Amino acid sequence: MTLASLSLSGGQGKTTVAVLLSKYLARAGYTVLVVDADPQSNLTTFLQHEVAVDQPTLLELYRKQVSLEDATYPTATKNLFLIPSDDGLDQVQEYLASSGVGALALGKRLEPAKGSFDVVVIDSPPQRSQICKSIIGAADQIVIPCEATVKGYGSLIRTVEAVRELTEDGVSDAKVLGVIPFRDRWVGRSRTKESDMVISEMAGEVGENVMLPSIRESEKYKQAISQGVLLEDLGYPDLAYPFESLIARIREVLK
């Protein structure tokens with residue numbers, strides 16, 4: 001199964017979801033390949049991988065210059081492997097645009113992973129681009145993180161539309177597995193009016209059954225990622241609930 005963390009605006013929680021979801025899946029015993037498809041390469045950094053000179057990355061895999069195996073590296077987490085990126089990945093945009101089958105390219109490059117990994121998690125760039133199209137083309141399932149703000153709602157609309165366009169064109173069979181509100185703001189035991197309104201509008205757009213528990217506004221998520229640990233390790237297991245719920249949906253798909 002290939003799952004993309006996808007949103008067409010910055011700051012929506014894509015990398016937060018990709019990093020923590022992949023670690024929780026690995027801890028649950030799944031063999032996971034995480035693909036950093038964002039030229040900003042934050043996921044590569046958060047998984048503590050430093051791309052060495054002349055070391056193959058996703059760019060070389062896209063261009064068919066190396067095999068999937070040669071572009072894949074173990075991480076410090078058991079069962080978790082990485083295809084890294086760096087800012088050179090931006091160079092692939094022209095290659096994909098001129099190839100004629102750009103939206104299918106990443107899926108073809110990742111096909112060998114189906115025999116070696118239970119789940120492939122792709123972290124996407126924050127804009128509609130040739131890379132983004134290829135991610136939608138490669139994905140079986142898509143999770144859409146979106147900030148619980150008006151901007152986040154707009155990002156959700158654009159992302160859903162981008163997926164719909166490629167599925168209607170027959171380029172992708174991807175389904176939206178879930179929408180995760182990000183930076184859900186609470187004051188005491190009450191959700192703020194803006195968060196409450198926006199999350200309600202999101203549910204109205206995609207359906208209550210598609211919505212997942214929200215990632216609350218908390219520095220603990222950043223701390224977990226920067227320290228390379230899980231939320232339980234920081235003493236905040238309740239904050240992991242959105243990922244537990246997402247993994248439950250993934251299990252149903254994998255059955």
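This is a predicted model, so every value here is computed, not measured.
Applying the 6.0 Å contact sphere to CD of Q223 captures more than 12 heavy atoms from other residues, nucleotides or ligands. Counting non-hydrogen atoms of other residues, nucleotides and ligands closer than 6.0 Å to CG of D70 gives a total above 12. The 12-atom threshold is not exceeded at CD of E50, counting heavy atoms of other residues, nucleotides or ligands nearer than 6.0 Å.
By the 4.5 Å heavy-atom criterion applied to side chains, I247 and L21 are counted as neighbours. Counting heavy atoms from C-beta outward, I135 and I142 have side chains that stay 4.5 Å or more apart. Side-chain contact between I131 and P39 is present, with heavy atoms from C-beta onward closer than 4.5 Å.
Counting only distance, with no hydrogens or angles, the side chain of T44 and the backbone of S85 share a donor-acceptor pair below 3.5 Å. Under the 3.5 Å distance criterion, the side-chain polar atoms of S7 are left unmatched by any main-chain donor or acceptor of C146. Between the side chain of Y62 and the main chain of L89, no donor-acceptor pair closer than 3.5 Å is present. Listed for the E244 side chain is no donor-acceptor partner under 3.5 Å among the backbone atoms of P242.
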Apply side chain to side chain contact (heavy atoms under 4.5 Å, CB included) to R249 and L212, showing your working. CA-CA 10 Å; R249 293 194 184 184; L212 284 158; 3.4 Å; yes

May I have the step-by-step check of salt bridge (charged side-chain N to carboxylate O under 4.0 Å, His left out) for E147 and R185, ending in yes or no? CA-CA 10 Å; E147 192 176 33; R185 293 169 176 83; 3.6 Å; yes

For the pair Y221 and R183, evaluate side chain to side chain contact (heavy atoms under 4.5 Å, CB included) and give the outcome as yes or no after the intermediate values. CA-CA 10 Å; Y221 294 101; R183 294 199 186 104; over 6 Å; no

Derivation of the side-chain hydrogen bond (donor to acceptor under 3.5 Å, both in side chains) call for D123 and T15: CA-CA 6 Å; D123 187 28; T15 303; 2.7 Å; yes

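Contact detail for R191 and D184: the closest heavy-atom pair is NH2-OD2, 2.8 Å. Of all heavy-atom pairs spanning G29 and D118, the tightest one is O-OD2, 4.3 Å.
At a threshold of 4.0 Å, the pair K255-E252 counts as salt-bridged, since one of the basic side-chain nitrogens sits closer than that to a carboxylate oxygen. Salt bridge absent: E111 and K108 never bring a charged side-chain N and a carboxylate O closer than 4.0 Å.
Atom CG of residue D86 and atom CG of residue D38 lie 11.5 Å apart, to the nearest 0.5 angstrom.
Under the 4.5 Å side-chain heavy-atom criterion for ILVMFWY residues, a single connected hydrophobic cluster contains both I225 and V32.
For the residue pair E69 and T72, no side-chain donor N or O sits within less than 3.5 Å of a side-chain acceptor on the partner.
F81 has its ring centre less than 6.0 Å from the ring centre of F117.
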